[in-house]
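A short worksheet on the structure shown next.
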Amino acid sequence: MVRSKSRYLLCEVNVSDRSLLLLLDDRAMVTAVKAAVARTHGDYGTALCSRFSVKYLNAHTGIVFLRFPKRCYRLLWSALPFITSVETRGQKIPCFLNCLHVGGTIRTCQKFLIRYNTQQLHRMLPKCTNEEEKKLVRKSILNCSLIRGNKEAFEDESESEEEE
């Protein structure tokens with residue numbers, strides 16, 4: 001039996017009102033991405049990306065891991081800018097997807113996400129107005145970094161996700 005190779009896109013969902021992110025779910029994202037592929041690439045694109053799935057969606061931060069066959073990742077990637085809204089629970093949420101990273105495994109995407117979050121927090125640090133805010137941002141930076149104890153837990157989580 002031959003293993004099918006996959007690619008993972010790490011995307012950020014950008015919305016004007018952050019409270020709308022809590023309404024997002026996996027099925028709504030799958031529907032929006034499939035509709036965008038169908039609009040841009042027609043029946044050929046729809047058939048090629050039929051094994052597409054959402055592996056992870058964090059509604060609080062707006063981070064999404066998209067998994068799809070290696071042969072069609074460029075096709076799917078090119079359709080992402082055409083997503084202008086996601087319809088979920090009877091509401092239409094205006095948004096767009098910003099692709100942050102393309103990886104061969106979930107683990108590489110997770111490592112990139114940790115580096116990306118740390119960079120974002122370092123950018124926030126100079127903009128803090130008082131010492132309490134700075135203390136909270138520093139604490140967040142320390143929580144993002146991989147230390148020996150955290151690293152083992154992180155590896156255990158990523159191994160269990162890759163087995164699925």
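This chain uses plain numbering: 1 for the first residue, then up along the sequence.
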Check [X] against [Y] and note the closest heavy-atom contact, atom names and distance.
X: L75; Y: H41; result: O-NE2, 3.3 Å
X: P81; Y: S78; result: CD-O, 3.4 Å
X: R18; Y: V13; result: NH1-O, 4.5 Å
X: E133; Y: T129; result: OE1-N, 3.1 Å
X: C11; Y: C99; result: SG-CA, 4.1 Å
X: L21; Y: A59; result: CB-O, 3.1 Å

Under a 4.5 Å side-chain heavy-atom rule over Ile, Leu, Val, Met, Phe, Trp and Tyr, are [X] and [Y] clustered together?
X: L100; Y: V15; answer: no
X: V37; Y: Y8; answer: no
X: V33; Y: I93; answer: yes
X: W77; Y: F82; answer: no
X: V64; Y: L20; answer: yes

Please report the interatomic distance [atom1]([X]) to [atom2]([Y]), rounded to the nearest 0.5 Å.
X: Q110; Y: L113; atom1: CD; atom2: CG; value: 8.0 Å
X: D25; Y: T88; atom1: CG; atom2: OG1; value: 4.0 Å
X: M29; Y: I83; atom1: CE; atom2: CD1; value: 6.0 Å
X: D26; Y: K55; atom1: CG; atom2: NZ; value: 10.0 Å
X: D43; Y: L48; atom1: CG; atom2: CG; value: 12.0 Å
X: F65; Y: N58; atom1: CZ; atom2: CG; value: 9.5 Å

Apply side-chain contact (heavy atoms from CB on, under 4.5 Å) to the pair E87 and T31, showing each step before the final yes or no. CA-CA 8 Å; E87 189 168 337; T31 305; over 6 Å; no
Would R51 and S53 count as a side-chain contact (heavy atoms from CB on, under 4.5 Å) if you check the C-alpha gap in whole Å, the side-chain angles of each, and the deciding distance to 0.1 Å? CA-CA 7 Å; R51 293 185 52 224; S53 66; over 6 Å; no
Going through the checks in order, is the side-chain contact (heavy atoms from CB on, under 4.5 Å) test met by L66 and L80? CA-CA 11 Å; L66 306 174; L80 290 182; 4.3 Å; yes
Considering residues, nucleotides and ligands other than [X], do more than 12 of their heavy atoms fall under 6.0 Å from its [atom1]?
X: R89; atom1: CZ; result: yes
X: R39; atom1: CZ; result: yes
X: D17; atom1: CG; result: yes

Could you go step by step and tell me if K135 and E132 meet the side-chain contact (heavy atoms from CB on, under 4.5 Å) rule? CA-CA 5 Å; K135 200 177 280 187; E132 187 175 327; 5.6 Å; no
Mind jotting down which residue pairs meet the ring pair (Phe, Tyr, Trp, His ring centres under 6.0 Å) criterion with at least one end in residues 91-121? Sequence neighbours excluded, please.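 Residue pairs passing ring pair (Phe, Tyr, Trp, His ring centres under 6.0 Å), neighbours aside: H101-F112.
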What orientation do Y73 and F68 show, parallel under 30°, tilted 30 to 60°, or perpendicular over 60°?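 Taking F68 first and then Y73, their aromatic rings lie parallel (interplane angle under 30°).
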Measure the shortest side-chain to side-chain distance between R7 and L9 over non-hydrogen atoms and say whether it is less than 4.5 angstrom.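 With C-beta onward as the side chain, the pair stays apart.
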